[in-house]
Enquirer: 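For reference, the structure I am asking about is given below.
When a ligand or atom number is given, it counts from 1 through the structure's own listing order.
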Amino acid sequence: MDKEVAELIRLEAERQRNTLNLIASENHTSRAVREANGSVFTEKYSEGYPGKRYYAGCEIVDQLENHAINLAKKLFDVDYVNLQPYSGSSANLATYAALAGVGGKIMGQALSDGGHLTHGSKASLVSSFFQFKQYGVDQQGWIDYDKLEKLAKKFQPKVIVAGTSAYPRLIDWDRLRQIADQINAYLMADIAHLSGLVAGKAIPSPVGIADVVTSTTQKSIRGPRGGMIMTNNQELAIKIDRAVFPGLQGGPHQHSIAAKAQAFYEALQPEFAAYANQVLSNANTLARSLQDHGVELWSDGTDTHLLVFNSYQAFGLNGLESKDLLAEQGIITSQSQVPNDPLPPMLSSGVRLGTSALSTRGMQEDQMQEIAEVIVRILRDKANLRSEILGMAKQFKLPE
Ligand SMILES: Cc1ncc(COP(=O)(O)O)c(C=O)c1O
């Protein structure tokens, strides 16, 4: 084996072992998921769908893909599943194409307000391929459904997409359904972050309310990197299959589908529901412990696995420097804008935290309290040092 690759894999495993991962979009996977992901399925081409392939030798991958689909159907209680999307981004792109058609109108949550790049950010090519209108949150950081409704009636999108990357609250799928019905639009739920919590029945599922549900498989659901698309509507399922292949992608990544199947199998075990509930309880404790130290949170708390704290307000440190300071001590996070952020995305005022990965390691409420204290200590010490130095600099003036 290439010595450098082997060494880098060893170092990454060590880095993961020796640090605390609070990145909301990440998780740790089982050995079985990693083995499936690294299996011989990586070598097989299988353009098409089970029973309708352009390559010979697909009898085993046909069984694999069907098995994975059946596990996903059972887990999410849904009729049609496409497991071929290479990622959450391509799952979204294919769904937009299937529901709105290229150039069609779509409404999505702004990135700065907790949505994802693929929900219509100018920085993403989706905003060139489709006509996007962005909705957002109110002053307190909650989705403003009244405003969203007014905007939807005016813009008349074919699709309303909702889902969260940084928004810490549950989404009111019923309210969005009502809004979509009034203007004859499709409702698309992107549960990339939430699918593990939905699978563990810790939060309500949008399946059966939204027309289409997309997800990644690497976040709270604890699977490999990849995407998936679900629907109960047969007509849409046909359109979606076509949009994924041959519309957007070539050969499916069967090694990844094998690992998705393994993750779904694990999520169907009773222990997974306990895990999902622990993730929620840990996030809640982490949120409350930070608040006890006077730290302001996006929307004053969380209903999910993630929360965003305003580091600029609490410590006078922007999100970029806070993330770096925490990482120096082994607390791995990501920076995030907060609602009405005065700082640009590259700096941003907030830090996003998630509890999926630490809960997989078995951490509980006590550890969350300790972590909140450590976070506050690291950032407060830095802020105090800074103001001490600033005080000295101000006291001793430069020559006129
Ligand atoms: C809500 C949401 N949708 C889609 C994606 C995209 O997933 P991927 O990074 O697998 O393309 C993400 C990733 O963070 C996400 O948070």
Enquirer: Give the residue, atom name and distance (to 0.1 Å) of the protein heavy atom nearest atom 13 (C) of ligand 1.
Expert: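 For atom 13 (C) of ligand 1, the nearest protein heavy atom comes out as Lys219 NZ, 2.8 Å.
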Enquirer: Below 30° counts as parallel, above 60° as perpendicular, anything between as tilted: where do the rings of Phe272 and Tyr275 land?
Expert: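 Answer is tilted, since the angle falls between 30° and 60°.
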Enquirer: Any nitrogen or oxygen of Ser87, main chain or side chain, under 3.5 Å from a nitrogen or oxygen of ligand 1?
Expert: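 Ser87 vs ligand 1: N/O contact under 3.5 Å present.
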Enquirer: With heavy atoms under 4.0 Å as the rule, classify the contact between His193 and ligand 1 as side chain, backbone, both or neither.
Expert: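 The answer is the side chain of His193.
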Enquirer: Taking atom types as modelled, is there a side-chain donor on Ser90 or Gln249 under 3.5 Å from an acceptor on the other?
Expert: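 A pair is found: one side chain offers a donor N or O, the other an acceptor, under 3.5 Å apart.
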Enquirer: If you count the atoms of ligand 1 from 1 in the order shown, which ones are under 4.0 Å from a heavy atom of Asn92?
Expert: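 Listed by number with element: 3 (N), 4 (C).
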Enquirer: Closer than 4.0 Å to some heavy atom of His116 - which atoms of ligand 1 meet that?
Expert: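 Heavy-atom distances to His116 below 4.0 Å select 1 (C), 2 (C), 3 (N), 4 (C), 5 (C), 6 (C), 12 (C), 13 (C), 14 (O), 15 (C), 16 (O).
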Enquirer: Suppose we measure from atom 9 (O) of ligand 1 to each protein heavy atom; which comes out shortest, and what is that distance?
Expert: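 Protein heavy atom with the smallest distance to atom 9 (O) of ligand 1: Gln218 NE2, 4.1 Å.
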Enquirer: Any Lys/Arg nitrogen of Glu321 or Lys382 sitting under 4.0 Å from an Asp/Glu carboxylate oxygen of the other?
Expert: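 Answer for the salt bridge query: no.
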Enquirer: When you measure from atom 7 (O) of ligand 1 to every protein heavy atom, which one gives the shortest distance, and what is it?
Expert: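 Checked against all protein heavy atoms, atom 7 (O) of ligand 1 sits closest to Thr216 CG2, 3.2 Å.
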Enquirer: Are Asp190 and His119 linked by a side-chain donor-acceptor pair shorter than 3.5 Å?
Expert: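 Distance-only check passes for Asp190 and His119.
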Enquirer: Between Tyr186 and Tyr96, is there a side-chain heavy-atom distance shorter than 4.5 Å?
Expert: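 Not in contact.
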Enquirer: How are the rings of Phe315 and Phe309 set relative to one another: parallel (under 30°), tilted (30 to 60°) or perpendicular (over 60°)?
Expert: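 Aromatic pair Phe315/Phe309 classed perpendicular.
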Enquirer: So if I apply the side chain to side chain donor-acceptor pair (under 3.5 Å) rule between Ser46 and each of His253, Gln84, Gln254, which one comes out positive?
Expert: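 That would be Gln254.
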Enquirer: Please report whether ligand 1 has a polar contact with Ser89, defined as an N or O pair separated by less than 3.5 Å (distance criterion only).
Expert: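 Yes: some nitrogen or oxygen of Ser89 is under 3.5 Å from one in ligand 1.
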Enquirer: Can you tell me the protein heavy atom closest to atom 16 (O) of ligand 1 and the distance?
Expert: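 Residue, atom and distance for the closest contact: Ser165 OG, 2.7 Å.
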Enquirer: Do me a favour and list the nearest non-hydrogen protein atom to atom 8 (P) of ligand 1 with residue, atom name and distance?
Expert: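 So the nearest neighbour among protein heavy atoms is Gly88 N, 3.6 Å.
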Enquirer: Suppose we measure from atom 3 (N) of ligand 1 to each protein heavy atom; which comes out shortest, and what is that distance?
Expert: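 Scanning the protein heavy atoms, the shortest distance from atom 3 (N) of ligand 1 goes to Asp190 OD2, 2.5 Å.
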Enquirer: Taking the six-membered ring of Phe155, is the NZ or CZ of Lys105 close enough (under 6.0 Å from the centre) and on axis enough (within 45°)?
Expert: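 Satisfied, under 6.0 Å and within 45°.
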